[in-house]
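Numbers restart at 1 for each chain; the letters A, B, ... are given by sequence-line order, proteins then strands.
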Amino acid sequence: MSARPQDLKENIRQALQDERLRAAVLKATDHSSAKRDEVVAEMPNWEELRETAAGIRDEVLAHLDQYLMTFEEKATAKGIQVHWARDSKEANRVIEEICKAAVGTKATGEQPIIAKSKSMTTEEIGLTPHLEKQGFEVVETDLGEYIVQIAGQMPSHITAPALHLSRQDIGKLFAEKLGVDYIEDPVELIAIARKVLREKFLRADIGITGANFAIAETGTPMMVENEGNGRLVSALPRTQIVVLGIDKLVPTWEDLMVLLELLPRSATGQRITGSVLFFNRPRKADELDGPEALHVVLIDNGRTKALKDPQLRSVLRCIRCGACLNVCPVYRRTGGHAYGWVYPGPIGSVLAPLFLNLKDAGDHPFASSLCGRCAETCPVKIPLHHHLLLLRSRVADSTSNLTAEKSLMSGWQYVMNRPDLYRALTGIPRFLKHQIIRTDWSPKLPGWGDQHDGPDLAPISFSELYRSHRKKTDGSA
Amino acid sequence: MMETKVARQIILDAVRSATAHVKEESTPINRPSPSRSKPGSEPTVKQFREMLDKVGGESYLLETDEQLADRVTVLITEMHPTSMLVTRDEMMESLLQGLGNTATDIVREGDRPFIDAAVCEVGLSRAMAGIANTGTVILQHGSSSGRQAALLPHTHIVIIDRAGIYPDKLGLVRHLSDIGIERETTPMTWVTGPSLTADIEKVLVRGAHGPRRLIALIR
């Protein structure tokens, strides 16, 4: 399968042929959405919380410049070094420079080690391949990310990167890449990963994390996790770099608590994650662990473009929970790789045309049944289904060659305005089928007909049936 | 860095021009209120223990310092670790003195480099606060308490102050300064149960990179 958004249609075709993939993705998303539903059912005020959270996120977006400046001011006062990057190229360069400065005194010949905890933003900018080219060993420490890293794949879900792989796949992968005996028991596989990665945590020069949110009032980047790898990469290495999009700001700790009710429940069906980390400042001289140098890199990379779009701006409320993926009939049957980009599913199908461009990601808004489950499930009430529809019209407007479609539409309009003509024309296929062909035939419609059966043609039309029924009842009356 | 100053200005300008015409929301945001239950009360502590149990944690309720020391001794005797990693709290020293005879080596945070400290099988640390409706323990990091003792060993024993167990997150956050935690400057880790992952076929496994066992001693 290709990793390009332009290849969406072909990727989907391939994904649908892969029964194992489909079974794995369906099973995992069923499990995730069931768990989510369970913990949401415990919250009688769930809808109010969604409303509050949407309001908080909109408030931040409406005054984003102020919140960004407050965050920077507060963070800097505590010794956190704040950097800004307009796009992925700039972000990678900034982070590369920080890393090079951090390991400056390391003995030559020893490859510096960067231990990373899970961050979709770093995937978005392609950070790992960039740093590897600069000679760093970059180790993904989140188990799912570690698995796809050694498999040489992209993550296929926002919160469950290896959801498309079975335990047998992972067992084979570990046997092949780590030289261990083949096992498929998850508990034993995790024990192997723990042992291998422990060594990396202890030797890492630099820790790189994402941030789920950044609290403006106190200049505090923070993250949630379950495995403990986030704790390790922010405790042991001497330098920590936190990478986040500028849309991650929240005003206050109290507001963050609202979002923390929604995020773990929506993402993993938990009331709270195993750890919640607040990176308030670098370590002081008399402290025993934590980074000596704490850096925050604020990234735009298309977010101001979305902010400028009054109709689609609400997509920036996204808290990256992945719940929309778990309920999407399209994602559930194809998995994330088909989308060819870091963010798949409904949210990805709105972000791709926005952050990338309408041309490369023009098919994404059409990868939807418009069922609306994404919008229903979204903890911050992003009207994803409306956004997808709007993007479809933008794609159509930007398409220059619509002659065939336009002619068809004019023709249809002409016929629909003339009931006798309509009746005559639609009578033809019915006549053909029931009087002449007399088999199971139905007209094959172009394009759409590749995936769908044609209409089932009744012997007479409803209006004819109605008229003859009326005659009977009037007659016998 | 010159480049970052330029990027900063461009980004802020882009944000400002994008939001210049944003309509102010007329509907005020309806923010929730914290629970009125008292911290450390019996129902609050009971809920804390239940919720911790649900996520695979263990807890004991101790009424006196002697009971606390006894419980720690019993746990160490059961687990018989070769070494135990402890924080440098004042309270920790008096607790350690009160422990019965065990063959366990006591290693204090900072005594050894991380790679050697990581050999300790059990870690002992202290928490001044918790959240009852999730079973969460609030760890704060400073000069007397690092992150290692709670993180490197496979078993984490945490002594938690009963009076700091708040009913919900909002209540805790409102009263952080009462417990001596400055929201602006105190690095914190909120830990709920043992570490876990479900990254392989969504099968929940307790014990990933962090501890696989968490024991809360409520005092």
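Formation of a donor-acceptor pair under 3.5 Å by the A:Asp289 side chain with backbone atoms of B:Arg147 is found in this model. Of the possible donor and acceptor atoms, none in the side chain of B:Arg31 sits under 3.5 Å from a partner among the backbone N and O of A:Ile56. Panel note: side chain A:Arg194, backbone B:Gly210; a donor-acceptor pair is recorded below 3.5 Å. Counting only distance, with no hydrogens or angles, the side chain of A:Arg271 and the backbone of B:Asn133 share no donor-acceptor pair below 3.5 Å. No donor-acceptor pair under 3.5 Å is formed between the side chain of A:Asp65 and the backbone N or O of B:Leu12. Although no hydrogens or angles enter the test, the distance criterion places a donor-acceptor pair under 3.5 Å between the side chain of B:Thr4 and the main chain of A:Trp84.
Contact check for B:Leu139 versus A:Arg231: side-chain heavy atoms found under the 4.5 Å cut-off. The shortest distance between side-chain heavy atoms of B:Leu196 and A:Gln270 falls below 4.5 Å. Contact check for B:Glu184 versus A:Lys78: side-chain heavy atoms found under the 4.5 Å cut-off. With a 4.5 Å cut-off on side-chain heavy atoms, B:Asn30 and A:Glu51 do not count as touching.
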Task: side chain to side chain contact (heavy atoms under 4.5 Å, CB included) between B:Ile200 and A:Ile147, intermediate numbers included - done: CA-CA 9 Å; B:Ile200 299 182; A:Ile147 289 169; 4.1 Å; yes
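Between A:Phe201 and B:His209, the two ring planes are perpendicular [angle over 60°; tilted spans 30° to 60°].
Of the listed residues A:Glu261, A:Glu48, A:His164, A:His157, the one with more heavy-atom pairs under 4.5 angstrom with chain B than any other is A:Glu261.
For chain A, the nearby part of B:Arg88 is the side chain; its heavy atoms alone come within less than 4.5 Å. At a 4.5 Å heavy-atom cutoff, B:Ser145 makes no contact with chain A through either its backbone or its side chain. Neither the backbone nor the side chain of B:Ala198 comes within contact range of chain A, judged by heavy atoms closer than 4.5 Å. With a 4.5 Å cut-off on non-hydrogen atoms, B:Ile11 touches chain A through its backbone and its side chain both.
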